[in-house]
Amino acid sequence: MSRYAASEIEPKWQKAWDEAGVFAAKRVEGKPKYYVLEMFPYPSGDLHIGHVRNYTMGDVVARYKIATGHAVLHPMGWDAFGLPAENASIERGIHPGVWTRQNIANMKKQFAMLGLSLDWSRELATCDPEYYGQQQAMFLDFLEKGLVYRKNAVVNWDPVDMTVLANEQVEDGKGWRSGAQVERRELTQWFFKISDYSEELLEALDRLDNWPDKVKLMQRNWIGKSRGLQFAFSLVDGPEGHDRVEVYTTRPDTLLGASFVGISPDHPLAKALEKANAELAEFNAECRKMGTAEEELEKAEKRGFDTGLRVRHPFDTAWELPVYVANFILMDYGTGAIFGCPAHDARDLEFARKYELPVVSTFAPAMGEAGTFILPENGGPAYVPPKTETVRYIKGFAGDEAQTGNDAIDAAIAFCEANGVGHGVTKFRLRDWGLSRQRYWGCPIPVVHCESCGVVPEKKENLPVVLPEDVTFDRPGNALSWHPTWRDVPCPSCGKPAQRETDTMDTFVDSSWYFARFTSPRAETPTEAAEAEYWMNVDQYIGGVEHAILHLLYSRFFARAMHACGHLPASAIEPFDALFTQGMVTHEIYMTRDANGRAVYHLPSAVKDGKLADGTEVEIIPSAKMSKSKKNVVDPVDIINQYGADTARWFVLSDSPPERDVEWTASGAEATSKHLARVWRIVTEIVEAPEDGAKPADKDLLREMHKAIHDVTMGIESFGFNTSVARLYAFTSALQKSEAGKAAKLEAAKALVQLMSPMTPHLAEELWSVLGGEGLVTEAAWPKADPAMLIDDEVTLPIQINGKRRSEITVPRDMAKDEIESLVMSDAAVVRALEGGASPKKLIVVPGRIVNVVI
RNA sequence: GGGGGCGUGGCGGAAUGGUAGACGCAGCAGACUUAAAAUCUGCAGGCCACCGGUCGUGGGGGUUCGAGUCCCCCCGUCCCUACCA
């Protein structure tokens with residue numbers, strides 16, 4: 001008998017699949033299609049164990065769907081543009097394209113080791129002109145449809161690196177790389193008009209039944225629909241050109257509790273006033289400086305600057321309110337101006353107390369709890385009940401005295417509209433999507449700037465606008481801008497010398513339609529109607545929850561925009577039918593402290609039994625995200641070399657539910673490997689056993705087999721891979737211990753191998769051939785459970801007395817209820833409990849499940 | 001501040017309102033072996049007057065014949081998000 005040698009069988013079967021072309025997606029009329037997609041990786045150079053988990057899950061689904069008779073599309077590509085490639089250039093003098101393609105080649109080798117059922121003939125990289133040229137074509141289509149436009153926007157500008165920074169690249173108001181003080185600069189940038197779809201993107205979430213609620217909720221919050229009143233305060237003696245301040249509020253019912261008006265430091269009125277007020281100018285400048293920092297904002301002091309200006313209250317022109325510039329008001333939400341109602345907003349209350357402004361309650365708790373309630377004006381906290389709670393209005397002006405916040409808001413909007421004070425509006429938090437990036441390594445925006453014609457779209461026949469190869473990164477900023485000739489082109493409209501746009505697209509654009517491109521990756525148009533019609537939508541999309549908002553929202557927008565331009569059918573505007581967000585793979589961190597109390601991390605190989613080689617106790621931090629600096633990274637290549645891909649695959653599926661994190665442990669990997677070797681041994685022993693006849697134990701084994709088929713199948717279909725794995729362990733034990741004859745054992749072994757094949761395909765393929773299975777197990781039809789074999793002839797019913805388990809009886813499965821009842825009544829434990837003949841209050845018999853005697 | 005997830009043996013976890021702890025890890029005992037490894041066979045929530053009983057799914061209430069599961073309150077923990085008017 002041979003031994004299980006993963007390193008021999010894995011390459012062998014990978015080659016066999018390849019030669020048979022079993023994973024090439026083929027349109028077959030009359031066959032149901034299934035499109036499985038895992039989020040494509042950024043080609044950082046190495047696969048990490050998280051990728052292994054992600055892609056193995058997709059692979060299980062894909063292989064299962066192949067076995068159940070589907071035409072499966074399971075493609076892979078590379079999210080290949082982005083900043084790390086440019087950073088590598090700066091650090092190592094290597095061209096971003098060269099670096100990226102090297103990484104792709106390396107990762108592709110690692111992918112191959114995993115034995116995934118991928119159709120590599122459809123491989124694409126977003127940095128290929130073949131791909132991004134089609135993206136440019138779509139950009140032009142979007143432009144024509146008014147889905148892309150240019151406007152000025154404030155950006156974080158790093159004056160040393162001469163680049164725009166994303167919010168997360170600004171730390172403490174300084175550029176993350178250069179450390180330079182970040183400036184807020186206004187640039188003309190391109191935007192996708194995603195806000196046109198705010199309502200639709202929100203409303204359509206309700207129909208995404210197979211998306212996690214968590215993700216839908218995150219998107220809802222991100223889109224942020226709110227209903228409120230927009231109206232103007234008129235200014236008393238405002239500066240030239242300013243006679244009113246427009247505000248937006250979601251609580252118009254508190255209008256009579258207003259005590260001040262606050263405007264953003266970036267508000268046009270603030271800007272007008274600072275010209276004549278040096279002190280205000282300084283205040284504003286200070287506010288702008290702290291712009292983007294994160295959590296400090298929370299603790300940052302709420303500061304205001306009294307402009308001295310006053311506005312009139314819309315319902316009482318004699319009532320004047322002061323106007324403050326306040327550091328907590330954002331220019332890009334609502335109108336950049338608010339009215340403060342300190343009684344019903346914690347932040348406004350803090351502000352009012354600081355600047356000694358009046359606090360006026362407009363409502364108080366309805367009844368009952370009034371006893372302990374302290375009005376904010378008497379020193380209590382701001383009273384902010386849920387809008388669904390009924391409260392008593394003290395200074396209401398519309399509707400009943402006692403009503404819910406929501407009703408009062410409705411009434412207030414109606415009242416204000418009737419009295420000519422503003423109008424009800426719906427606002428969204430969702431902003432248009434700025435796509436301009438001042439970087440080299442991205443998809444060039446295909447427009448030309450002409451002195452006489454302005455901004456002119458490039459002609460489609462001139463696409464792709466290809467990135468120049470001869471660039472250097474020896475000076476900061478966008479390498480495209482420094483290129484000696486690339487910018488110079490004739491104007492597509494008038495033919496006079498003009499200049500290309502040097503901005504490239506946000507890499508989120510690249511990943512917003514790759515799923516559609518996979519349906520016809522080599523087409524000379526972005527998609528091909530027949531292919532897109534057949535393969536879309538993605539039936540199952542799998543990826544990390546970190547993409548819950550931006551990537552998935554942008555993709556949903558893109559699918560709609562592509563449909564508007566004829567690149568996708570109407571049925572594909574929600575491109576992902578089902579979404580699964582998988583958890584991380586974690587690993588313990590081993591830490592000690594140096595003389596100064598600083599943390600020192602140790603590689604797992606340096607730790608034995610919680611101690612270092614020198615005997616020092618190590619602090620163990622469990623379930624930590626893998627990170628190179630914490631030295632707790634597990635390299636899949638090491639694992640595959642040591643145990644084989646099937647072990648790595650089986651491990652990442654076992655134990656934890658797929659949506660939760662799983663902790664990688666050396667002992668777990670060891671155990672997995674042993675288990676696979678055990679399966680190997682059991683199966684080969686069965687094959688080598690001498691022929692014998694049917695045996696009494698055959699039926700039990702086959703019954704176990706059918707139950708395993710049923711349970712494992714259910715597990716795969718419901719993304720309960722961990723329970724499928726557990727079930728396979730149990731079935732393996734049953735097979736090992738079975739006293740059945742050889743024929744029954746062979747049948748059971750074949751089923752075992754088939755059920756394992758989505759998870760450990762190489763081992764399954766090898767054992768399938770050992771068992772004399774026909775063709776490839778990968779292409780064999782998935783076994784079907786016989787419903788008749790799932791039911792046992794006898795069932796054991798637990799007997800509860802007053803809800804506690806006291807005894808049990810074993811009865812034929814279909815025994816009549818009254819027969820069971822009489823059996824139960826004569827059960828020793830029941831007789832004892834009834835103490836000589838009393839009859840129970842109640843006797844509950846749930847057929848096939850349980851009996852409960854209530855005394 | 002807002003939102004969400006999670007909380008079950010030493011550990012990872014399982015359980016359509018119906019025998020809590022499947023399966024795996026670690027552990028213990030035994031078999032095989034000169035020995036070890038590997039393998040195989042068992043045992044295994046706590047406590048007790050141990051053929052039985054009792055307590056047990058973060059804590060406290062409730063609904064139910066029956067609650068890990070449903071409802072209310074509280075505690076802990078992790079993640080996301082945030083001056084959103």
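Please read all numbers here as calculations on a predicted model, not as lab measurements. By convention in this document, chain letters (A, B, ...) are assigned in the order of the sequence lines, proteins followed by strands, and residues within each chain are numbered from 1.
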Participant: Can you tell me the pairing partner of B/C70 across any strand shown, Watson-Crick or G-U wobble, with both distances under 3.5 angstrom?
Facilitator: B/G62

Participant: Within the structure shown, what part of the strands sits under 4.0 Å from A/T250 by heavy-atom distance: base, sugar-phosphate, or nothing?
Facilitator: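 If one applies the 4.0 Å heavy-atom cut-off, A/T250 turns out to touch the sugar-phosphate alone, with no base involved.
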
Participant: Nearest whole Å is fine: how far is B/G3 P from A/K216 NZ?
Facilitator: 19 Å

Participant: Could you please name the partner base of B/U41, counting Watson-Crick and G-U wobble pairs only when both distances are under 3.5 Å?
Facilitator: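 With both distances under 3.5 Å, B/U41 matches B/A29.
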
Participant: If the glycosidic angle sits within 90 degrees of zero it is syn, else anti. Tell me which applies to B/C73.
Facilitator: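 With its glycosidic angle more than 90° from zero, B/C73 counts as anti.
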
Participant: Kindly indicate whether the side chain of A/T249, heavy atoms from C-beta on, has any atom under 4.5 Å from the side chain of A/L255.
Facilitator: no

Participant: Of the options A/F328, A/F351, A/Y355, which is the one that meets A/R303 in a side-chain contact (heavy atoms from CB on, under 4.5 Å)?
Facilitator: A/Y355

Participant: Please check if any side-chain donor atom of A/T796 sits under 3.5 Å from a side-chain acceptor atom of A/T810, or the reverse.
Facilitator: yes

Participant: If only side-chain N and O atoms count, and only distance matters, is there a donor-acceptor pair under 3.5 Å linking A/T684 with A/R3?
Facilitator: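 Checked: A/R3/A/T684 side chains show no N/O donor-acceptor pair below 3.5 Å.
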
Participant: For a quick test of reading the model: is some side-chain N or O of A/R849 closer than 4.0 Å to OP1 or OP2 of B/G17?
Facilitator: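 Checking B/G17 against A/R849, no side-chain N or O comes under 4.0 Å of OP1 or OP2.
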
Participant: Pick base, sugar-phosphate or nothing for A/Q736, based on heavy-atom distances below 4.0 Å to the nucleic acid.
Facilitator: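 Result for A/Q736 = sugar-phosphate.
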
Participant: Determine whether the aromatic ring centres of A/F731 and A/Y729 lie less than 6.0 Å apart.
Facilitator: no

Participant: Have a look at B/G9 and give me syn or anti from its glycosidic angle (syn if within 90° of zero).
Facilitator: syn

Participant: May I ask you to check whether A/H344 and A/F363 place their ring centers less than 6.0 Å from one another?
Facilitator: yes

Participant: Would you kindly give the CG-to-P distance between A/D661 and B/U77, to the nearest whole Å?
Facilitator: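 These atoms are roughly 18 Å apart.
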
Participant: Under a 3.5 Å limit for both distances, which nucleotide forms a Watson-Crick or G-U wobble pair with B/U57, could you say?
Facilitator: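 B/U57 is paired with nothing.
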
Participant: Counting only N and O atoms by type, is there a donor-acceptor contact under 3.5 Å from the side chain of A/N852 to the main-chain atoms of A/I844?
Facilitator: no

Participant: One thing to verify: whether A/D700 and A/K737 come together as a salt bridge, which I'm taking to mean a side-chain N less than 4.0 angstrom from a carboxylate O.
Facilitator: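 No, A/K737 and A/D700 are not salt-bridged.
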
Participant: Between A/R678 (side chain) and A/Q736 (backbone), is there a donor-acceptor pair under 3.5 Å?
Facilitator: no

Participant: With the side chain of A/M218 defined as its heavy atoms from C-beta on, choose the nearest nucleotide among B/G3, B/C80, B/U39.
Facilitator: B/C80

Participant: A/E350 has an atom CD; how far is it from atom P of B/G1, in whole Å?
Facilitator: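 For the pair A/E350 CD and B/G1 P, the rounded distance is 13 Å.
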
Participant: Taking the minimum atom-to-atom distance to the side chain of A/W222, which one of B/G4, B/U41, B/A82 wins?
Facilitator: B/A82

Participant: Rounded to the nearest angstrom, tell me the gap between atom CG in A/L676 and atom P in B/A38.
Facilitator: 17 Å

Participant: Check the distance between B/A85's C1' and A/D348's CG and give it to me in whole angstrom.
Facilitator: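 Those two atoms, CG and C1', are 8 Å apart.
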
Participant: Nearest-Å distance, CZ (A/F428) to P (B/A85)?
Facilitator: 14 Å

Participant: Can you check whether A/R681 has a side-chain N or O nearer than 4.0 Å to OP1 or OP2 of B/C40?
Facilitator: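 The answer is yes; a side-chain N or O of A/R681 sits under 4.0 Å from OP1 or OP2.
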
Participant: Is B/U19 paired to anything, Watson-Crick or G-U wobble with both distances less than 3.5 Å, and if yes, which nucleotide?
Facilitator: none

Participant: Does either side chain, that of A/S195 or that of A/D432, offer a donor lying less than 3.5 Å from an acceptor on the other one?
Facilitator: yes

Participant: Does B/C6 have a Watson-Crick or wobble partner in any strand here, with both distances under 3.5 angstrom, and which is it?
Facilitator: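 Across any shown strand, B/C6 pairs with B/G76.
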
Participant: Relative to the 5' end of RNA chain B, which residue comes earlier, A/K737 or A/P657, by the nucleotide with the nearest heavy atom?
Facilitator: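 Mapping each residue to its closest nucleotide by heavy atoms, the 5'-most match is A/P657.
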
Participant: Using only atom types and a distance under 3.5 Å, with no angle test, would you say the side chain of A/R660 pairs donor to acceptor with the backbone of A/Q582?
Facilitator: no

Participant: OP1 or OP2 of B/A85 less than 4.0 angstrom from a side-chain nitrogen or oxygen of A/Y248, does that happen here?
Facilitator: no

Participant: Give me the distance, rounded to whole Å, that separates B/G5 from B/G56 when you measure between the C1' atoms they each carry.
Facilitator: 25 Å

Participant: Name the pairs: protein N/O against N/O of nucleotides 21-32 of chain B, kept only if under 3.5 Å.
Facilitator:
{"unit_1": "B/C25", "atom_1": "O2'", "unit_2": "A/S667", "atom_2": "OG", "d": "3.1"}

Participant: For atom P, what is the distance between B/C83 and B/C78, given to the nearest Å?
Facilitator: 23 Å

Participant: Given atom OH of A/Y324 and atom C1' of B/C83, what is their separation to the nearest angstrom?
Facilitator: 18 Å

Participant: Scan nucleotides 57-69 of chain B nucleotide by nucleotide, 5' to 3', and note B when protein non-hydrogen atoms come under 4.0 Å of the base, S if they reach only the sugar-phosphate, - if neither.
Facilitator: --------BS---

Participant: Using a 4.0 Å cut-off on protein heavy atoms (strictly under), produce a 5'-to-3' string for nucleotides 45-56 of chain B with B for base contact, S for backbone-only sugar-phosphate contact, and - for none.
Facilitator: --------SSS-

Participant: Checking A/S807 against A/D827: is there a side-chain donor and acceptor pair closer than 3.5 Å?
Facilitator: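 Yes - a donor-acceptor pair under 3.5 Å links their side chains.
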
Participant: Suppose we define a pair by two distances each less than 3.5 Å, Watson-Crick or G-U wobble; what does B/G1 pair with here?
Facilitator: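 Per the H-bond distance test, B/U81.
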
Participant: What integer distance in Å separates A/K214:NZ from B/C79:C1'?
Facilitator: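 A/K214 atom NZ is separated from B/C79 atom C1' by 8 Å.
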
Participant: Where the side chain of A/P798 is concerned, which of B/G18, B/U19, B/A14 is the nearest nucleotide?
Facilitator: B/U19

